[in-house]
Amino acid sequence: MMMQACIREKMNIPVVFDMFYRKQPFGGGYAIFAGLSELLQILSQFSFSKDDIQYLRQLGNFEESFLNYLQEYHFSGDIWALTEGSLCFPSEPLIRIHTTLAEAQLIEGLVLNILNFQTLIATKTARMVYAAEGGKIIEFGLRRAQGFSGALWASRAAYIGGAMATSNVLAGKIYNIPVTGTMAHSWIMAFPNEQKAFQHYANVYPHSLTFLIDTYDTLQSGLPHSIQVAKKMRKQKIGIRLDSGDIEYLSREVRQQLNAAGLHSATITVSNELNEVIIHQLVQSHCPIDYWGVGTNLVTGGDSSSLGGVYKMVAKKINTIFVPTMKISDNPDKVSNPGIKQVYRFEDAQQFLADYIALHDESITPDHSYTLYHPSGDYRQFSISKYTHIIPLLSKVMQRGEICEPLPSLVNIREYVQQQLTKLDSTHKRIINPHIYKVSISEKLRYLKRSLLYHS
Ligand SMILES: Nc1ncnc2c1ncn2[C@@H]1O[C@H](COP(=O)(O)OP(=O)(O)OP(=O)(O)O)[C@@H](O)[C@H]1O
Ligand SMILES: O=P(O)(O)OC[C@H]1O[C@H](OP(=O)(O)OP(=O)(O)O)[C@H](O)[C@@H]1O
Ligand SMILES: O=C(O)c1cccnc1
């Protein structure tokens with residue numbers, strides 16, 4: 001509807017839109033930007049089929065001239081974005097879209113749908129990976145995910161965030177993610193007894209033997225049966241999965257009994273409504289757990305079920321120049337940052353120091369100290385002089401609807417996330433109540449924001 005109105009009323013002017021979010025999910029200290037490659041692929045092929053046009057026609061709201069226009073339509077905007085897998089923070093433009101008003105409005109839902117969800121899930125996973133301190137996270141979410149594409153995108157984002165594998169085989173096929181799985185309760189229940197079920201499983205998968213041990217009695221039945229079958233098969237490297245009961249108590253008991261049986265290289269996997277706080281607590285208590293199978297809380301976001309990223313117009317072209325625009329709200333937190341902007345990251349050799357949002361035509365060079373102002377425009381400010389690099393974070397990824405550079409592989413994005421995280425101070429990575437990483441604005445942006453606020 002908006003698109004037709006823009007075109008008919010000659011309002012299809014050049015504009016610039018930013019996508020950003022206001023609040024860190026999960027009460028955390030950072031987010032992982034994810035979903036970009038998928039968005040770019042979809043936009044580069046965005047068009048309307050004959051069938052689509054026919055559907056729109058029968059809605060009765062669209063004129064033939066507009067439907068003819070759609071028939072020829074291809075996305076033709078320019079996009080600037082963070083590298084997929086970047087650490088990101090509230091208020092920062094994650095992507096900046098230069099296009100026409102009609103096109104910017106057409107893609108709003110798509111941009112937010114993809115980037116909000118994948119960023120949320122990549123972030124949730126990174127938190128779990130951090131809490132696991134070297135233990136491995138396996139994504140077990142298909143059965144609990146929000147719909148079919150929600151499950152696929154969650155698997156992709158979880159892999160980017162650091163999960164080692166997924167149990168969703170279709171996601172493995174589509175995205176080339178390692179797939180893995182253990183044993184179902186129904187397999188065990190289908191046999192006359194647990195021992196037989198374990199033995200038959202071992203016949204089929206002698207090299208990938210993870211026994212699910214809680215179907216009848218974890219310590220009295222499941223564990224001794226696993227040990228018996230392992231010994232009979234002369235297997236040292238088995239796995240045990242705990243799916244109920246007190247994980248702290250049971251993991252210690254299981255480890256001790258496996259060791260006593262000489263199965264020192266056996267691994268322990270746990271599952272059952274895990275989240276990063278539970279993982280953190282169990283790891284801090286030194287529970288001997290190697291793998292964490294996580295479903296619901298990983299693929300849905302659990303306590304924060306949406307990122308809340310928004311998409312706002314920041315500039316419009318009047319005659320020959322781009323004029324900054326700003327959303328002014330009754331709620332000061334909802335006042336947007338106007339103008340075409342770049343985000344810079346101040347770093348030293350070890351770590352990220354602070355982020356700085358400036359107007360795109362400011363000259364930000366690493367040869368003097370900078371005053372960094374709080375985005376809210378209040379008294380808060382500090383100056384920064386001890387840094388080694390200032391890195392511009394937004395780069396051009398799409399030109400006139402075409403992807404500029406070959407898209408990175410998922411493995412490369414995943415590695416980039418871990419590289420980035422090593423540069424974030426551990427105080428910002430704390431699972432609960434992290435130290436707030438500073439995001440600030442330049443003096444020119446602050447001045448522009450104030451002038452638009454006071455002269456509106
Ligand atoms: N996002 C921001 N942009 C610019 N200045 C800020 C921002 N947040 C805080 N400040 C200013 O930075 C200084 C330190 O702020 P504050 O004590 O809140 O941060 P901190 O992270 O707890 O401390 P520190 O910077 O010593 O680690 C204060 O002068 C404050 O006004
Ligand atoms: O993190 P989660 O959401 O718990 O996802 C993983 C869970 O999914 C499976 O359980 P299943 O659906 O078979 O239910 P049950 O084990 O509770 O019976 C599996 O046995 C884990 O317990
Ligand atoms: O393979 C498993 O053990 C598995 C997969 C999905 C969900 N729960 C468990």
Side-chain angles (χ1 to χ4, degrees), residues 22 24 29 89-92 124-125 128 137-146 151 154-155 158 163-172 178-189 201 205 208-215 218 222 239-245 247 267-279 291-303 333 337 343-344 346 351-358 370-384 386 425-428 430 433-443 445-446 449:
R22 299 191 175 98
Q24 223 48 291
F89 301 92
S91 303
E92 298 175 351
K124 186 73 169 175
T125 315
M128 292 186 189
I137 305 293
I138 308 172
E139 181 263 305
F140 275 174
L142 173 60
R143 67 194 58 197
R144 304 277 155 65
Q146 279 139 340
S155 299
M164 65 167 271
T166 178
S167 63
N168 183 342
V169 179
L170 182 59
V179 291
T180 191
T182 69
M183 185 185 279
H185 289 111
S186 57
W187 168 265
I188 300 159
M189 289 151 73
Y201 193 83
Y205 299 113
S208 170
L209 256 186
T210 296
F211 298 112
L212 173 60
I213 64 169
D214 73 331
T215 308
T218 299
I240 295 296
R241 175 155 77 98
L242 295 168
D243 192 40
S244 56
I247 292 176
T267 59
I268 300 179
T269 301
V270 300
S271 52
N272 194 19
E273 295 179 37
L274 298 170
N275 62 31
E276 67 271 40
V277 175
I278 298 172
I279 296 173
Y291 298 97
W292 307 81
V294 195
T296 311
N297 285 300
L298 198 156
V299 300
T300 65
D303 52 346
D333 290 340
N337 285 320
V343 186
Y344 296 89
F346 284 79
Q351 60 183 2
F352 300 151
L353 301 173
D355 284 8
Y356 183 64
I357 309 172
Y370 282 85
T371 302
L372 276 60
Y373 296 90
H374 196 281
S376 70
D378 64 16
Y379 66 90
R380 282 173 288 178
Q381 63 183 74
F382 71 102
S383 112
I384 188 162
K386 292 188 187 141
D425 191 78
S426 60
T427 58
H428 302 303
R430 234 180 2 244
N433 201 19
H435 185 186
I436 305 300
Y437 180 84
K438 289 191 187 63
V439 174
S440 53
I441 58 176
S442 70
E443 190 171 356
L445 179 52
R446 184 174 192 246
K449 205 167 171 178

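Atoms within a ligand are numbered from 1 in the order they appear, just like the ligands themselves. Computed from a predicted structure; not experimentally measured.
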Check: Taking atom CD of Gln351 as the centre, does the number of heavy atoms from other residues, nucleotides or ligands within less than 6.0 Å exceed 12?
Finding: yes
Next item on the list: Return the residue, atom name and 0.1 Å-rounded distance of the protein heavy atom closest to atom 22 (O) of ligand 2.
Entry: Asp243 OD1, 2.6 Å
Margin query: Check this for me: does any side-chain nitrogen of one of Asp303 and Lys124 sit under 4.0 Å from a carboxylate oxygen of the other?
Written below: yes
Notebook entry, point to check: Hey, is atom 1 (O) of ligand 2 under 4.0 Å from any protein heavy atom?
Noted result: yes
Notebook entry, point to check: Would atom 16 (O) of ligand 2 count as contacted, meaning some protein heavy atom under 4.0 Å?
Noted result: yes
Next item on the list: Quick one: pull up CD1 in Ile213 and CD1 in Ile240 and give me the separation to the nearest 0.5 Å.
Entry: 5.0 Å
Note to self: Nearest 0.5 Å, please: how far is OG1 in Thr269 from CZ in Arg241?
What the structure shows: 8.0 Å
Next item on the list: May I ask you to check whether Asn272 and Ser244 show a side-chain donor-acceptor distance below 3.5 Å?
Entry: no
Next item on the list: Write out the residue and atom name of the closest protein heavy atom to atom 3 (O) of ligand 2, then the distance separating them to 0.1 Å.
Entry: Thr296 OG1, 2.4 Å
Item checked: Residue, atom name and distance, where the atom is the protein heavy atom closest to atom 19 (C) of ligand 2 -> Arg241 NH1, 3.7 Å
Checklist line | Check: Arg380 side chain, Ser440 main-chain N or O, donor-acceptor pair, under 3.5 Å | finding: no
Next item on the list: Answer yes or no: are there more than 12 heavy-atom neighbours, outside Glu273 itself, under 6.0 Å from its atom CD?
Entry: no
Check: Under 3.5 Å, is there a donor-acceptor pair between the Tyr344 and Asp355 side chains?
Finding: no
Notebook entry, point to check: In terms of heavy-atom contacts, does CZ of Phe382 have more than 12 from other residues, nucleotides or ligands at under 6.0 Å?
Noted result: yes
Could you list each nitrogen or oxygen of ligand 3 that sits under 3.5 Å from a protein nitrogen or oxygen, with the atom names and the distance?
from	atom 1	to	atom 2	distance (Å)
ligand 3	1 (O)	Thr182	N	2.7
ligand 3	3 (O)	Thr182	N	3.4
ligand 3	3 (O)	Thr182	OG1	2.3
ligand 3	3 (O)	Arg241	NE	3.4
ligand 3	3 (O)	Arg241	NH2	3.1

Notebook entry, point to check: Atoms of ligand 2 less than 4.0 Å from Asn272 heavy atoms?
Noted result: 4 (O), 22 (O)
Next item on the list: Check whether any N or O atom of Gly295, backbone or side chain, sits under 3.5 Å from an N or O atom of ligand 2, and answer yes or no.
Entry: yes
Notebook entry, point to check: Ring centroid separation for Tyr356 and Phe346, is it under 6.0 angstrom?
Noted result: yes
Margin query: Do Thr166 and Asn168 pair up side chain to side chain, a donor and an acceptor below 3.5 Å, judged on atom types alone?
Written below: no
Check: Any sub-3.5 Å donor-acceptor pair from Tyr291's side-chain atoms to Ile137's backbone N or O?
Finding: no
Item checked: Side chains of Lys438 and Leu372 in contact at under 4.5 Å (non-hydrogen atoms) -> no
Notebook entry, point to check: Is the shortest N/O to N/O distance between Asn297 and ligand 2 below 3.5 Å?
Noted result: no
Check: For atom 14 (O) of ligand 2, which candidate among Arg143, Arg144, His185, Glu273 holds the nearest heavy atom?
Finding: Arg144
Next item on the list: Give a yes-or-no answer on whether the side chains of Glu139 and Ser155 include a donor-acceptor pair shorter than 3.5 Å.
Entry: yes
Which N/O atoms of ligand 1 sit under 3.5 Å from a protein N/O, and at what distances?
from	atom 1	to	atom 2	distance (Å)
ligand 1	1 (N)	Val439	O	2.8
ligand 1	3 (N)	His374	N	3.4
ligand 1	19 (O)	Lys438	NZ	3.3
ligand 1	21 (O)	His435	NE2	2.6
ligand 1	21 (O)	Lys438	NZ	2.8
ligand 1	25 (O)	Lys438	NZ	2.6
ligand 1	29 (O)	Gln381	O	3.3

